[in-house]
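Below, chain A is the first sequence line, B the second, and so on; all start at residue 1. None of these values were measured; they are calculated from a predicted model.
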There are 2 protein chains.
Amino acid sequence: MRKFERQKAIRKLIQQYSIDRQEDIVKLLQEQAIKVTQATVSRDVKELQLVKLPAPNGGYQYSLPAEKKLNAEKKLKKTLHDAYLSSRLHESFFLIKLLPGNGPAVASLIDQLKVKEIFGSLGDDDTVLVIAQDPRAAKEVQRMLLEMVS
Amino acid sequence: MRKFERQKAIRKLIQQYSIDRQEDIVKLLQEQAIKVTQATVSRDVKELQLVKLPAPNGGYQYSLPAEKKLNAEKKLKKTLHDAYLSSRLHESFFLIKLLPGNGPAVASLIDQLKVKEIFGSLGDDDTVLVIAQDPRAAKEVQRMLLEMVS
DNA sequence: TTATATTTTGGATAATTATACAAAGAAAAA
DNA sequence: TTTTTCTTTGTATAATTATCCAAAATATAA
């Protein structure tokens, strides 16, 4: 999906550069051959819950909502990368098989992401069950999580 | 100082209500007999480093920059309230006497506030020395900290 | 496939926020 | 005190962001 990639790119951009205008995001995306308007970026900023943070040195800067969430994502990515074995999608469920011992941590990290499509997740020793709002949402979740593995 | 009180009121307001426009802050301040324009609120928002956070349920909401800072202030207030003995101001220095054992904690909490007027602070067992940018800043700091005691 | 529903997007603009400038106010100096 | 300097504020407006609406794109159903 185009949208998800773009949002990912936006997250990367605001971490990399000091950006204080959505128009600048538009320009930087164009350099990556991603064409969008400020209107779309505004929507993305909202969905990603990015904030325009008054910087300590005067001026402003777009920023991730909380370091927490960021850290959760980093850890999840790392853990998935290390412990991921396989996964299956069925209706609203996305089931992940992991190396033994990693289930609870991964389930907890997924919860911390607070992705709106995810209703909840739970993990036993080597398995995590992610429950999405509906089958379509589950597909989104699958895409998002598999993205992290690679 | 008028400004400091107003900013304090603003902080309180955004914690109490779900506010998504600076104009609403203006209105709510008026109910407290504090008259300001949106322009001033915009400056206050910047100084307080408040952010307009996209809310999880759609919509927006002004919010404190990080819970961290808030917690630090709460703890500091509580500790000062419990352990404060006396204080003195001299040039750029503000010296606080505390019940024994509270110095390090208070110094650390003051640092966490990241008030721009404060250059740094250090504490031994029962004393904290706050070093301000200059004598005027020190007065500000004194005012702010004594405010917390009461 | 074609038709239908859903999602995403851009254009235009409304809504909101930030700031230049000048004036008022407060502090410091004389 | 008066004068000078620094800070704070409002007005007006520039700059930026959010959203309405319609079109395009995408997915789902038939």
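Put simply, the residue from Arg43(A), Glu23(A), Arg21(A) that forms a side-chain contact (heavy atoms from CB on, under 4.5 Å) with Gln38(A) is Glu23(A). Here the options are Val141(A), Val130(A), Ile131(A), the test is side-chain contact (heavy atoms from CB on, under 4.5 Å), and the partner is Ser121(A); only Val130(A) passes. Evaluated for a side-chain contact (heavy atoms from CB on, under 4.5 Å) with Ile10(B), the options Leu50(B), Ile34(B), Val36(B), Leu28(B) yield exactly one hit, Leu50(B).
In this structure, the helix from dT1(C)-dA30(D) to dA30(C)-dT1(D) shows an angle of 30° between the axis at its start and the axis at its end, each fitted on 5 base pairs and rounded to 10°.
When distances are taken from the side chain of Lys52(B) to each of dT28(D), dT17(C), dT19(D), the shortest belongs to dT17(C). Side-chain proximity of Arg43(A) to dG11(C), dT9(D), dT28(D): nearest is dG11(C).
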> What's the verdict on side-chain contact (heavy atoms from CB on, under 4.5 Å) for Leu80(B) and Leu109(B), showing C-alpha distance, side-chain angles and the deciding distance?
Replying inline: CA-CA 10 Å; Leu80(B) 281 181; Leu109(B) 289 170; over 6 Å; no
> Where do Ile110(A) and Ile96(A) land on the side-chain contact (heavy atoms from CB on, under 4.5 Å) test, with the steps shown first?
Replying inline: CA-CA 12 Å; Ile110(A) 289 176; Ile96(A) 311 171; 4.3 Å; yes
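The shortest distance between the side-chain N/O atoms of Tyr62(B) and the OP1/OP2 oxygens of dT17(C) is below 4.0 Å. Between dT9(C) and Arg6(A), a contact under 4.0 Å exists linking OP1 or OP2 to a side-chain N or O. The side chain of Ser42(B) contributes an N or O atom lying less than 4.0 Å from OP1 or OP2 of dA18(C). Contact annotation: Lys46(A) does not reach the phosphate of dT17(D) (side-chain N/O to OP1 or OP2, under 4.0 Å).
Nucleotide dT11(D) holds its C1' atom 13 Å from the CD atom of Glu23(B), rounded to whole Å. Atom NZ of Lys3(A) and atom C1' of dA25(D) are 13 Å apart (whole Å). Separating the CG atom of Leu48(A) from the C1' atom of dT17(D) is a distance of 16 Å, rounded to the nearest angstrom. One interatomic measurement links the two molecules: CD1 of Ile25(A) to C1' of dT17(D), which rounds to 11 Å at whole-angstrom precision. As rounded to whole Å, 13 Å separates atom P of dA18(D) from atom CD of Gln49(A).
Within residues 28-40 of chain B, the residues approaching DNA chain C are Gln38(B), Ala39(B), by heavy-atom distance under 4.0 Å.
Within the structure, salt bridge (charged side-chain N to carboxylate O under 4.0 Å, His left out) contacts touching residues 82-95 of chain A (residues at least two apart or in different chains) are Lys78(A)-Asp82(A).
When heavy atoms are screened at a 4.0 angstrom cut-off, Asp20(B) is found touching the sugar-phosphate backbone but no base atom. Residue contacts shown for Asp24(B) are absent, as no nucleic acid heavy atom lies under 4.0 Å away.
Nearest heavy-atom pair across Asp124(A) and Pro104(A) is O-CD, 3.3 Å.
Residue whose closest nucleotide on DNA chain C sits further toward the 5' end, between Val41(A) and Lys139(B): Val41(A).
Using modelled atom types, no side-chain atom of Asp126(A) and backbone atom of Leu99(A) make a donor-acceptor pair closer than 3.5 Å.
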